[in-house]
Number of protein chains: 2
Amino acid sequence: MSSDGRNTRARILESAVELLESGTGSAVRISDIAKAAGISRQAVYLHFPKRADLLTAATRYLDEKNDVDARLGESRSAPTGLVRLDAWVAVWGNYIPEIYGIGKALMAMMDSDEEARVAWEDRMQAVRHGCAAVVGDLARDGQLVSDLSQEKATDILWMLLSVRNWELLRHECGWTQDQYVEHLKQVARASLVARV
Amino acid sequence: MSSDGRNTRARILESAVELLESGTGSAVRISDIAKAAGISRQAVYLHFPKRADLLTAATRYLDEKNDVDARLGESRSAPTGLVRLDAWVAVWGNYIPEIYGIGKALMAMMDSDEEARVAWEDRMQAVRHGCAAVVGDLARDGQLVSDLSQEKATDILWMLLSVRNWELLRHECGWTQDQYVEHLKQVARASLVARV
DNA sequence: CCCGTTAATTGACACGGTGTAAAGTTGTCA
DNA sequence: TGACAACTTTACACCGTGTCAATTAACGGG
């Protein structure tokens with residue numbers, strides 16, 4: 001069973017993201033994940049000593065599975081700032097619904113678990129920097145609305161990408177993921193791009 | 001001590017909001033609140049059988065303390081849609097930092113406690129309706145940017161007012177509450193109001 | 001003045017989820 | 001065959017929530 005080493009770890013992460021995505025978020029227990037992965041609860045602790053370890057590992061697992069880095073790289077090589085904005089928003093719009101369950105679980109722990117707080121804030125800061133880059137592109141192309149500073153525009157974009165928004169739009173308005181992404185694009189354009 | 005009936009309840013709520021605001025949010029325990037209120041833990045359960053009861057009561061307590069209803073009423077009687085937008089954003093911008101601790105605590109329970117979920121979503125829906133009203137005013141005054149539907153504009157405004165945003169801007173960017181409110185106003189104007 | 005009511009107190013406990021610890025099992029590889 | 005690693009089972013400590021029962025203190029009305 002030594003070849004199962006990485007296999008089991010991956011199975012745990014798969015089960016974790018599956019449970020966290022499709023449902024009750026922070027109410028998912030370690031034992032639920034273990035059961036879904038077909039192993040004992042203690043085996044989970046063998047791979048992830050603390051709950052926060054599992055959750056942060058799950059975010060990285062999703063990053064790799066979705067090739068987020070590569071896609072974000074692609075988005076930056078688009079021809080104009082306007083297209084880069086669309087691409088960036090599309091990547092995040094599609095990604096957020098995937099991590100929102102994990103995000104909820106991490107946010108719920110943030111107040112009591114320092115490690116979870118740091119992990120989540122690091123993640124948020126990375127998004128923020130991405131927003132700043134995209135807005136910088138817009139400004140360089142002369143497409144940013146004239147009465148917005150780059151800082152303010154970054155904040156707007158970043159607020160729009162808030163994880164909570166997806167959850168609320170989905171639950172309260174019954175939106176699909178496609179609707180959400182399309183909407184994000186339009187809203188981002190309406191907020192940031194100079195009208196002709 | 002029968003006259004202490006309402007007094008104790010109020011003292012519990014005061015201690016609760018104080019602890020929840022200035023600090024660790026969902027990590028605040030019933031016993032912490034009891035200690036801060038100078039009573040026993042069981043006395044808290046006497047007034048609020050479940051944790052969710054206390055939290056939802058705390059939100060109502062803050063509403064009344066801050067006269068939120070009255071202020072929102074005033075904001076709607078402002079002369080133009082533009083001024084109404086400013087007033088509405090100011091009320092919520094000042095209110096959100098106060099309830100964000102309670103919001104965090106409620107959100108952390110949402111997945112496991114149905115009552116907490118309903119309470120929070122009701123609250124969010126109320127905000128949403130308010131946003132729709134303000135946007136409707138803008139549209140009636142011909143001030144809404146022409147390429148935005150009222151629905152989309154409502155979503156923008158509502159995303160900007162997300163409770164999470166305040167926390168993140170405060171922690172990651174070190175913003176003060178005044179900065180936040182001023183920023184919200186400007187962003188809302190930039191996003192929604194037709195430029196002349 | 002006593003009596004009933006009501007709020008609060010103390011102490012004990014059940015429940016559930018996290019995390020730890022120890023001993024036993026199975027499979028692999030040298 | 002023996003060492004090693006992953007996983008299993010069982011058991012338990014810890015902590016926060018919520019419940020229960022017995023007790024004390026204060027107030028108001030008869």
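In the text below, chain A, chain B and the rest are named by the order of the sequence lines, each starting its count at 1.
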Expected list for residues 81-100 of chain A: side-chain donor-acceptor pairs under 3.5 angstrom, two or more places apart:
| residue | atom | partner | partner atom | Å |
| --- | --- | --- | --- | --- |
| R84(A) | NE | D137(A) | OD2 | 2.6 |
| R84(A) | NH1 | A78(A) | O | 2.5 |
| D86(A) | OD1 | R189(A) | NE | 3.3 |
| D86(A) | OD2 | R189(A) | NE | 3.4 |
| D86(A) | OD2 | R189(A) | NH2 | 3.0 |
| N94(A) | OD1 | Q177(A) | NE2 | 3.3 |
| N94(A) | ND2 | A90(A) | O | 3.0 |
| Y95(A) | OH | D63(A) | OD1 | 2.0 |
| Y95(A) | OH | R123(A) | NH2 | 2.5 |
| E98(A) | OE1 | N66(A) | ND2 | 2.5 |
| Y100(A) | OH | R170(A) | NH1 | 2.3 |

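- dG16(D) atom P lies 8 Å from atom CG of D32(B), rounded to whole Å.
- Whole-Å rounding puts the E115(B) CD to dT17(D) P distance at 16 Å.
- Note: CD1 (I12(B)) to P (dA7(C)) measures 12 Å, nearest angstrom.
- Summarising the geometry, the separation between CZ on F48(B) and P on dT19(D) is reported as 15 Å, rounded to the nearest angstrom.
- Within the 4.0 Å cut-off from OP1 or OP2 of dA8(C), at least one side-chain nitrogen or oxygen of T8(B) is found.
- For E114(B), the side-chain contact (heavy atoms from CB on, under 4.5 Å) test picks out R117(B), V118(B), with sequence neighbours left out.
- E18(A) CD: 12 or fewer foreign heavy atoms inside a 6.0 Å radius.
- In this entry the distance linking CG of L46(B) with P of dC20(D) reads 13 Å, nearest Å.
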Below 3.5 Å, can you tabulate the donor-acceptor pairs from side chains in residues 51-60 of chain A to any protein atom, sequence neighbours excluded?
| residue | atom | partner | partner atom | Å |
| --- | --- | --- | --- | --- |
| R51(A) | NH1 | V28(A) | O | 2.9 |
| R51(A) | NH2 | S26(A) | O | 3.3 |
| D53(A) | OD2 | K50(A) | N | 3.0 |
| T56(A) | OG1 | A52(A) | O | 3.0 |
| T56(A) | OG1 | D53(A) | O | 3.0 |
| T59(A) | OG1 | T56(A) | O | 2.5 |

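- Partners of E74(B) by side-chain contact (heavy atoms from CB on, under 4.5 Å), not counting sequence neighbours: none found.
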>> Please encode protein proximity along nucleotides 10-19 of chain C as a string of B, S and -, counting only heavy-atom distances under 4.0 Å.
In response: BBB----SBB
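- In terms of the ring-ring contact (aromatic ring centres under 6.0 Å, His included) criterion, residue partners of Y180(A) (sequence neighbours excluded) are, by chain and number, W166(A).
- OP1 or OP2 of dC7(D) lies within a sub-4.0 Å distance of a side-chain N or O belonging to H47(A).
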